[in-house]
Amino acid sequence: MKRSLLLLPVLFAGWAFAAPASAPAPSTLIANVANRATVSLDGAWRVIVDPFDNGKDRFFHDAKPKDKSDLVEYSFDASPVMNVPGDWNTQRDALMFYEGPVWYRRMFNYHKRDAIRTFVYFGAVNYKATVYLNGEKLGEHEGGFTPFNFECTSLLREGENSLVVEVNNARHADAVPGIKYDWWNYGGITRDVSLIEVPETFIQDYWVQLAKGSQDEVSGSVQLNGAQAAQKITVSIPEAGVHQTFNSDANGRGDFHFHARLELWSPEHPKLYDVDLTIGNDTVHDQIGFRTVEVQGSKILLNGKPIFLRGISMHEEAPFREGRAFSPEDAQTLLGWAKDLGCNFVRLAHYPHNENEVRLADRMGLLLWSEIPVYWDIDWTNPATLANAEAQLRDMIARDHNRAAVILWSMSNETPVKPERLTFIRQLAQEAHDMDSTRLVTSALNHVEGSGTDPRTLSDPLGDVLDVLGLNEYLGWYGGTPQDADKIEWKSNYNKPVIVSEFGAGAVAGRHGDKDERWTEEYQDNLFQHQLAMIQRIPNLVGLTPWVLMDFRSPLRILPGVQDYHNRKGVISNRGQRKLAFYTLQKFYLDRAKDAK
Ligand code: GCU
């Protein structure tokens with residue numbers, strides 16, 4: 001089973017690994033933290049805003065003056081607090097535009113127990129995090145949208161502990177994303193933080209899915225972390241009468257394969273099964289849906305049947321209060337709106353979103369496109385940039401590979417056609433296939449031949465390495481009129497499924513006028529009507545995710561009284577107002593859903 005590459009031997013905290021030189025180091029993520037015994041470290045953290053990085057090499061000590069004459073020019077105890085999870089930009093007006101270092105400190109009491117290992121887990125920190133416990137460095141992490149954990153067993157103290165995190169959201173040309181992008185650079189500890197307590201040997205990761213192309217064969221693997229690597233492992237799915245036992249090898253890896261009669265997961269029937277995996281004194285419980293997804297010619301088959309993806313693109317922006325979304329409530333509002341639209345699919349743009357959204361999609365029956373922020377132009381020839389993108393891809397897959405809702409891994413968005421870009425993304429696509437042979441690989445492309453009202457051809461060379469082509473086109477907004485869409489014919493150089501991953505127009509909710517007047521709901525709605533007609537003439541079309549569910553904050557959108565640092569292409573405003581286009585798209589989807597029955 002090809003995907004075993006990801007789960008090679010782990011005898012101790014350090015990873016031993018013999019994969020081909022190009023593959024990224026194996027993920028060190030602990031799977032399914034949501035269901036693991038933890039101590040939450042969310043809440044109020046003390047923060048020091050440090051624009052000149054004056055605290056480097058000092059603040060992690062969390063020092064206090066030894067006596068009245070001792071000089072310590074900082075104090076977390078005397079510093080203001082900030083909520084975690086949460087971005088700093090929307091918690092303090094003065095920090096709305098701030099990019100740079102901010103130091104966070106959290107004191108917590110801990111009771112140490114024998115034979116227990118402890119990890120500190122971060123759902124996400126934007127952009128770079130350096131983590132210290134009791135003045136000792138635990139590790140660093142780069143990338144604002146993927147989780148990470150560090151073992152801290154040996155550094156924990158009985159009683160009071162000081163956890164310090166230097167967070168820096170400064171943008172860099174060699175980073176992923178690079179310098180320029182169309183969303184707000186919300187900085188901070190933006191998702192949950194927790195302590196994970198596990199036995200000395202524990203279940204680090206597992207895959208439990210239908211075998212490729214089968215609807216009644218379950219195949220999977222378990223990776224243990226710890227000294228007792230060779231163990232008896234049990235996987236049970238009580239509702240399906242499954243109780244299988246198998247052994248892990250000397251590297252802590254165990255594979256299993258068994259027959260099972262399972263109800264298949266689908267948007268109409270998002271059936272999840274309770275699944276338990278047990279070794280000695282460690283049990284992991286999860287809720288998993290079983291479904292197959294594959295490409296057949298120019299079709300996407302879900303559970304063996306062609307599916308049309310009625311979708312919407314969405315940023316991880318909090319409805320109403322704005323800022324980086326993170327909570328189950330944020331997820332419920334956003335995905336609830338997608339359901340109201342008549343969607344069975346959501347494109348999570350342009351970076352891995354929080355786990356609350358992905359697990360809710362599993363329960364709600366919404367298929368997902370999940371993407372890494374290889375966005376517009378980045379430093380394609382820089383090995384560090386590639387390693388960074390590889391790590392984000394690896395961890396995106398590591399966190400969500402047991403989620404039935406996720407069917408597409410997206411490698412990039414609107415990247416320029418040039419050889420070094422093709423080499424870079426081809427590498428990522430290959431690794432995505434190596435890590436997960438059960439899902440499809442895509443990218444959002446905006447390179448098409450043809451202009452004006454001439455025919456358009458999907459000819460981007462990247463199409464070669466993808467299973468599914470995403471197409472971003474802004475006819476009628478960034479060129480031409482909405483009506484021009486009526487005259488345009490489309491061709492594709494690939495016999496591969498096409499998802500129109502973006503089209504759209506800006507509109508201020510409540511602004512009305514005639515359909516040719518920009519920024520009115522009528523202009524946006526008119527564009528949607530012509531687009532929805534045109535799109536159906538695109539060959540191999542299997543779905544669409546118009547841009548975008550909700551208006552979102554962006555530093556690129558400045559027009560006063562209209563944008564005010566917001567991208568206004570939402571079919572819903574950031575205050576929850578549904579624009580005319582919302583109803584046009586909703587009608588289109590409800591009609592399609594009816595026809596599909
Ligand atoms: C691009 C891009 C989005 C952006 C959108 C827009 O296609 O992928 O991130 O927000 O267009 O211009 O509104």
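Whatever order the structure lists them in is the order used to number ligands and atoms, beginning at 1. What you see below is based on every heavy atom in this structure, not just the backbone, and it leaves out hydrogens, waters and symmetry mates.
- Looking only at distances, no side-chain donor or acceptor of Asp379 sits under 3.5 Å from a matching main-chain atom of Asp174.
- Ligand 1 has a nitrogen or oxygen under 3.5 angstrom from a nitrogen or oxygen of Asp182.
- Against a heavy-atom cut-off of under 4.0 Å, Glu414 is close to the following atoms of ligand 1: 1 (C), 2 (C), 7 (O), 8 (O).
- Near Asn413, meaning under 4.0 Å from any of its heavy atoms, are these atoms of ligand 1: 2 (C), 8 (O).
- In terms of modelled atom types and a separation under 3.5 Å, the side chain of Arg439 and the main chain of Val406 share a donor-acceptor contact.
- For ligand 1, the atoms closer than 4.0 angstrom to any heavy atom of Tyr375 are 2 (C), 3 (C), 4 (C), 9 (O).
- The His350 neighbourhood of ligand 1 comprises atoms 3 (C), 8 (O), 9 (O), with distances under 4.0 Å to a heavy atom of that residue.
- Only side-chain heavy atoms of Trp547 come within less than 4.0 Å of ligand 1; its backbone N, CA, C and O stay farther off.
- Contacts with ligand 1 closer than 4.0 Å are made by no heavy atom of Asn446, backbone or side chain.
- Close to ligand 1: Tyr478, with a non-hydrogen atom less than 4.0 angstrom away.
- Side-chain atoms of Asn126 come within 3.5 Å of backbone N or O of Tyr186 as a donor-acceptor pair.
- Between Arg557 and ligand 1, a contact under 3.5 Å exists for at least one N or O pair.
- Trp184 carries Arg553 over the face of its six-membered ring, with the cationic atom under 6.0 Å from the centre and within 45° of the normal.
- Under the 6.0 Å cut-off for aromatic ring centres, Tyr523 and Trp477 qualify, their centroids lying closer than that.
- At least one heavy atom of Tyr474 lies less than 4.0 angstrom from ligand 1.
- Judged by distance alone, with hydrogens and angles left aside, the side-chain atoms of His566 form a donor-acceptor pair with the main-chain N or O of Asp564 at under 3.5 Å.
- For the pair Arg592 and Phe308, the cation-pi criterion (under 6.0 Å, within 45° of the ring axis) is fulfilled.
- A donor-acceptor distance shorter than 3.5 angstrom exists from the side chain of Arg347 to the backbone of Ser501, with no hydrogens or angles considered.
- In this structure, Phe552 has a heavy atom closer than 4.0 Å to ligand 1.
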